[in-house]
Amino acid sequence: MKPPATEQLAQQQPTRRGLSLALRSTAALVVLLLTLWGACALWFRLPEALWRIPCVTAWVILGAACVYQVARGQQRHWRRRLGQAFAVCCVALLVWWYSITPSHERLWADDVAHLLQAEIDGDRVTLHQVRNFEWRSETDYTPRWESRSYDLRRLQSADLVLSYWMGPHIAHTLVSFGFDDGQRIVFSLEIRKERGEAFSAVRGFFRQYEQILVAADERDIIQTRSNARGEQVYLYSLNLPPAQLRAVFLGYLEAAQALHDAPEFYNTLTSNCTTIVFELARQIAPTLRPDYRLLLSGHFAHYAYDQGALVPGYSFADLQSLGHINARALLSAELGEDFSHAIRQEMPQAANRD
């Protein structure tokens with residue numbers, strides 16, 4: 001026997017109320033997130049400081065009122081009006097946001113003043129605008145940009161470099177390539193700072209910086225971090241066969257050419273020094289999956305270890321301990337030793353597989 005219609009309605013009402021509450025909560029959360037994102041976008045990207053406070057304040061007030069009305073679930077007239085106003089403002093904000101375009105034409109800091117260019121002729125590669133600064137401190141240096149040539153048939157190694165600048169979870173990721181004639185070149189995806197500009201991870205989410213692919217001498221880009229800046233630097237030899245070494249090296253050159261042809265914004269989450277290594281690795285191993293350690297870049301070497309990309313036969317803890325270069329880097333500077341040779345003492349090296 002079916003229950004009376006009034007009983008059925010009474011049973012359905014709690015379910016409807018629960019569904020309505022869930023929908024309102026979801027909508028309120030979406031509006032809240034849009035409000036927070038819009039406030040940050042306006043604050044970081046409005047060109048005139050005079051407009052930031054009133055624009056951000058008006059946006060936050062509108063967003064907060066909309067969140068309140070959506071969550072409350074009453075006063076439908078006001079909720080509809082606020083929703084329409086918020087939607088119009090969102091569209092206007094997005095139109096403005098996507099009108100912000102990256103550029104090569106700015107007053108750049110000295111260390112990112114030039115874009116890398118490559119000439120490839122078979123196995124012969126010539127790189128123009130290789131950075132080889134002489135750094136005495138972060139602010140005291142002698143600029144030097146060079147052209148260097150390499151024979152890809154002599155490419156024999158690659159090292160993953162992690163430089164910790166903000167605690168144990170965040171590191172700058174670089175890759176250093178070695179040739180059997182003793183030459184080495186390091187690739188590093190970085191923000192292209194303007195004169196007087198400093199990096200902020202939060203600003204990096206909001207189209208604040210263009211990106212640049214730097215090719216540099218090891219004494220320039222690694223020794224600066226270990227010696228001048230006091231960052232903790234680790235080297236890990238990558239266990240890659242010659243064909244994969246070549247593919248990753250050329251992949252960096254393709255990325256550099258793409259940035260030379262069309263500027264792009266740096267993004268702290270989606271386009272940074274670690275994601276480029278991952279994307280190049282996926283070209284030779286398409287089954288690689290994204291991992292939280294792409295964001296927490298200080299753990300990226302452990303991710304590489306789990307994928308079998310580091311020297312086999314060692315625990316990760318051993319590779320990390322033996323790959324810590326700071327003491328060797330400081331000593332090599334005092335003794336005037338060859339920097340690249342000194343920092344690799346005791347460091348396990350991958351065999352050059354055929």
Side-chain angles (χ1 to χ4, degrees), residues 111 130-142 144 156-190 199 201 214-240 245 272-274 277 293 296-306 309-352:
D111 58 335
V130 174
R131 200 179 73 196
N132 188 21
F133 281 29
E134 182 183 344
W135 297 90
R136 291 171 290 276
S137 72
E138 284 195 76
T139 56
D140 182 15
Y141 51 84
T142 301
R144 188 162 50 237
Q156 69 171 7
S157 67
D159 297 324
L160 179 66
V161 186
L162 265 64
S163 184
Y164 291 79
W165 58 276
M166 196 176 73
H169 304 300
I170 302 296
H172 185 67
T173 307
L174 314 89
V175 175
S176 178
F177 291 90
F179 295 78
D180 64 13
D181 58 1
Q183 293 192 91
R184 293 187 184 275
I185 188 73
V186 186
F187 292 109
S188 172
L189 187 77
E190 304 183 1
F199 176 69
V214 176
D217 188 271
E218 283 196 334
R219 291 181 66 90
D220 172 321
I221 203 164
I222 297 179
Q223 188 179 44
T224 304
R225 286 173 162 78
S226 60
N227 293 26
R229 300 181 186 175
E231 298 177 9
Q232 298 304 304
V233 182
Y234 294 79
L235 256 65
Y236 303 89
S237 182
L238 291 169
N239 188 35
L240 301 175
L245 284 175
N272 56 52
C273 61
T274 306
V277 180
R293 289 167 288 190
L296 297 178
S297 52
H299 303 280
F300 183 67
H302 203 197
Y303 171 74
Y305 178 82
D306 289 343
L310 303 186
V311 179
Y314 293 83
S315 68
F316 178 74
D318 287 339
L319 290 176
Q320 187 178 47
S321 176
L322 295 170
H324 187 213
I325 72 164
N326 285 67
R328 301 192 292 267
L330 292 169
L331 184 61
S332 74
E334 291 178 11
L335 300 178
E337 297 176 339
D338 177 79
F339 176 75
S340 295
H341 176 75
I343 62 176
R344 288 174 172 81
Q345 295 299 308
E346 305 176 13
M347 173 186 156
Q349 301 285 330
N352 184 18

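The chain is numbered in sequence order, starting from 1.
- Of the possible donor and acceptor atoms, none in the side chain of Asn326 sits under 3.5 Å from a partner among the backbone N and O of Gly230.
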Run the side-chain contact (heavy atoms from CB on, under 4.5 Å) test on Val175 and Val186 for me, step by step, so that the C-alpha distance in whole Å, both residues' side-chain angles and the decisive distance to 0.1 Å come before the verdict. CA-CA 6 Å; Val175 175; Val186 186; over 6 Å; no
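- Interatomic distance, CG of Asp181 versus CD of Gln156, reported as 8.5 Å (0.5 Å rounding).
- No option in His302, His299, His324 other than His324 meets the ring-ring contact (aromatic ring centres under 6.0 Å, His included) test with Tyr234.
- Counting only distance, with no hydrogens or angles, the side chain of Asn132 and the backbone of Asp217 share no donor-acceptor pair below 3.5 Å.
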Can you check salt bridge (charged side-chain N to carboxylate O under 4.0 Å, His left out) on Asp306 and Arg293, steps first, answer last? CA-CA 11 Å; Asp306 289 343; Arg293 289 167 288 190; 2.8 Å; yes
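- Side-chain atoms of Gln345 come within 3.5 Å of backbone N or O of His341 as a donor-acceptor pair.
- Here the rule is side-chain contact (heavy atoms from CB on, under 4.5 Å) with Trp135, and of Asp111, Asn227, Asp140, Thr142 only Asp111 fits it.
- Ser176 and Glu218 share a donor-acceptor pair across their side chains, judged by distance under 3.5 Å alone.
- The main-chain N or O of Glu231 is never found under 3.5 Å from a side-chain atom of Arg225 such that the two would form a donor-acceptor pair.
- Interatomic distance, CD1 of Ile170 versus OG1 of Thr173, reported as 9.5 Å (0.5 Å rounding).
- With a 4.5 Å cut-off on side-chain heavy atoms, Val161 and Ile222 count as touching.
- Residues Pro348 and Leu322 have side chains in contact (heavy-atom distance under 4.5 Å, counting atoms from C-beta outward).
- Ser297 places no side-chain N or O within donor-acceptor distance of the main-chain N or O of Phe300, the cut-off being under 3.5 Å.
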Between Asn239 and Leu310, is a side-chain contact (heavy atoms from CB on, under 4.5 Å) present by the stated rule, with each step listed? CA-CA 5 Å; Asn239 188 35; Leu310 303 186; 5.9 Å; no
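- When every heavy atom of Ser163 is checked against every heavy atom of Val233, the shortest pair comes out as OG-CG2, 3.6 Å.
- How far OG of Ser237 is from CD of Gln349: 5.0 Å, rounded to the nearest 0.5 Å.
- Considering only heavy atoms from C-beta on, Val311 stays 4.5 Å or farther from Met347 through its side chain.
- Under the ring-ring contact (aromatic ring centres under 6.0 Å, His included) criterion, Phe187 pairs with Phe177, Phe249, Tyr252, sequence neighbours left out.
- Counting only N and O atoms by type, the side chains of Ser321 and Asp318 include no donor and acceptor under 3.5 Å apart.
- Between Leu238 and Leu160 the shortest side-chain heavy-atom distance falls below 4.5 Å.
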Test Tyr305 against Tyr314 for side-chain contact (heavy atoms from CB on, under 4.5 Å), laying out the working first. CA-CA 10 Å; Tyr305 178 82; Tyr314 293 83; 5.7 Å; no
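- At a threshold of 4.5 Å between non-hydrogen side-chain atoms, the residues Tyr236 and Phe316 count as touching.
- Atoms CG and CD1, on Leu162 and Ile325 in that order, are 11.5 Å from each other to the nearest 0.5 Å.
- Rounding to the nearest 0.5 angstrom, the gap separating the CG atom in Leu235 from the OG atom in Ser340 is 9.0 Å.
- Distance OG/Ser226 to CD1/Ile343: 7.5 Å, rounded to 0.5 Å.
- Cys273 places none of its side-chain heavy atoms less than 4.5 Å from the side chain of Glu190.
- Remark: side-chain polar atoms of Tyr164 are paired, donor with acceptor, to backbone N or O of Gly298 under 3.5 angstrom.
- With Phe339 as the partner, the side-chain contact (heavy atoms from CB on, under 4.5 Å) test is satisfied by one option alone out of Arg219, Arg344, Arg184, Arg328: Arg219.
- Checking side-chain atoms of Ser332 against main-chain N and O of Ala329 turns up a donor-acceptor pair under 3.5 Å.
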